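Down below is the structure, laid out as structure tokens.
Note that the structure is predicted; figures quoted are calculated from it, not measured. Just so it is clear, the values below take in all heavy atoms, side chains as well, and ignore hydrogens, waters and symmetry mates. We count ligands from 1, going down the list as the structure has it; atoms in each ligand are counted the same way.
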Amino acid sequence: MKSKFRTRDFKEKKLRGEKIAMLTAYDANMAHLLDRAGVDAILVGDSVGMVVLGFENTVPVTLDAMVHHTAAVSRGTERALIVADMPFLTYQTTAADAVRNAGRLMQEGGAEAVKVEGGSAIVDVVKRLVDVGIPVMGHLGLPPQSVHQVGGFLRQATTPHDADILLADALALEEAGVFAIVLEAIPGDVARTVTTALAIPTIGIGAGKDCSGQVLVLHDMLDIYPGRKARFVKNFLAGASGVQDAIRRYVEAVKSGAFPAPEHSF
Ligand code: KIV
């Protein structure tokens, strides 16, 4: 087995110009397939609410559900870094709530890092998490937990003003200590500017080819989710010999820079 992928490997990969391949998983069996295929990091996304539990968005996902799925993923994973999403309102209230709730994801779920959505508004919470020894991944651009405020799953940072705010948020998160930032549904040139401005890596989902790595929702890239499909998603099961082969093809395509292609970008 290759050595365990750690948060520090994110930055080292960016320095070496090597792309980071990340995918979501929610159970032990799929986590094992991702791990075997060489995925660097597994995101136990709160997208579990949509692609596994049948909700319309991620808002109803509870901390108990995330702990349950994170623990399952931990049991199936040896090498990949396990990042667990902190669900809606488990970190936006107080820093003390955030520490307690992230602690459950790590102690009961076996998460090795947590992911939170938002920029300047949550910087104090991020600092507190990092200060107590919890690795944090940021998430900017489309914030799925704020779907009701945003008014849908819409592209973000499409004006120069909004792109400037996104860059300021990214710099604030880096300063607060996050080890990487997911950039979701933003124009490729904005993602490139942010990626160049940061020392830490960016992980794109619908953010073009110039991010330091890519992430997709597993059920989207296998085309087994009947809901709406975003333009940036590619079906890797088409043409593959099975699920394991599809995941391997995704990892190769990310690492070689073949994915995302222009048709998967804005
Ligand atoms: O929950 C999730 O799967 C995510 C990805 C969309 C990055 O946050």
Check residues 66-73 and write down every donor-acceptor pair under 3.5 Å in which the side-chain atom is one partner and the other belongs to a residue at least two apart or another chain.
unit_1 : atom_1 : unit_2 : atom_2 : d
H69    : ND1    : Y26    : O      : 2.9
T70    : OG1    : M66    : O      : 2.5

SB check R100 D97 (cutoff 4.0 Å): yes

Under 4.0 Å, heavy-atom basis, I'd like to know which part of D85 is in contact with ligand 1: side chain, backbone, both or neither. side chain

Mark up the atoms of ligand 1 that fall under 4.0 Å of a heavy atom belonging to S47, in ascending order. 1 (O), 2 (C), 3 (O)

Under the rule for ring pair (Phe, Tyr, Trp, His ring centres under 6.0 Å), what residues qualify as partners of Y250, not counting sequence neighbours? F236

Polar contacts were defined as any N/O atom of the residue lying under 3.5 Å from an N/O atom of the ligand; does this apply to K115 and ligand 1? yes

Short version for V48: what comes under 4.0 Å of ligand 1, heavy atoms counted, is neither

Are K19 and D210 close enough for a salt bridge, meaning some N to O gap below 4.0 Å? no

Which of the ligand 1 atoms, numbered from 1, are nearer than 4.0 Å to a heavy atom of T24: 3 (O)

With heavy-atom distances below 4.0 Å as the criterion, list the atoms of ligand 1 near V217. 3 (O)

Under 4.0 Å from a heavy atom of I205: give me the atoms of ligand 1 that qualify, with their elements. 6 (C)

Measuring from atom 5 (C) of ligand 1, which candidate in L142, L43, V215, V182 has the nearest non-hydrogen atom? L43

Report, in ascending order of atom number, the atoms of ligand 1 lying under 4.0 Å from any heavy atom of E184. 6 (C)

Does the distance from a Lys or Arg side-chain N to an Asp or Glu carboxylate O, for K4 and E112, drop under 4.0 Å? yes

Note: D46, heavy atoms under 4.0 Å from ligand 1, region reported as both

Would R8 and F179 count as a cation-pi pair here, with the cationic atom under 6.0 angstrom from the ring centre and within 45° of the axis? no

Does a donor on one side chain sit under 3.5 Å from an acceptor on the other, for T77 and D35? no

Can you tell me if S74 uses its side chain to pair, donor with acceptor, with the backbone of G109 under 3.5 Å? yes

Close approach of H139 to ligand 1, heavy atoms, under 4.0 angstrom: yes

Atoms of ligand 1 under 4.0 Å from any heavy atom of G45, numbered from 1 in the order shown, are 1 (O), 2 (C), 3 (O)

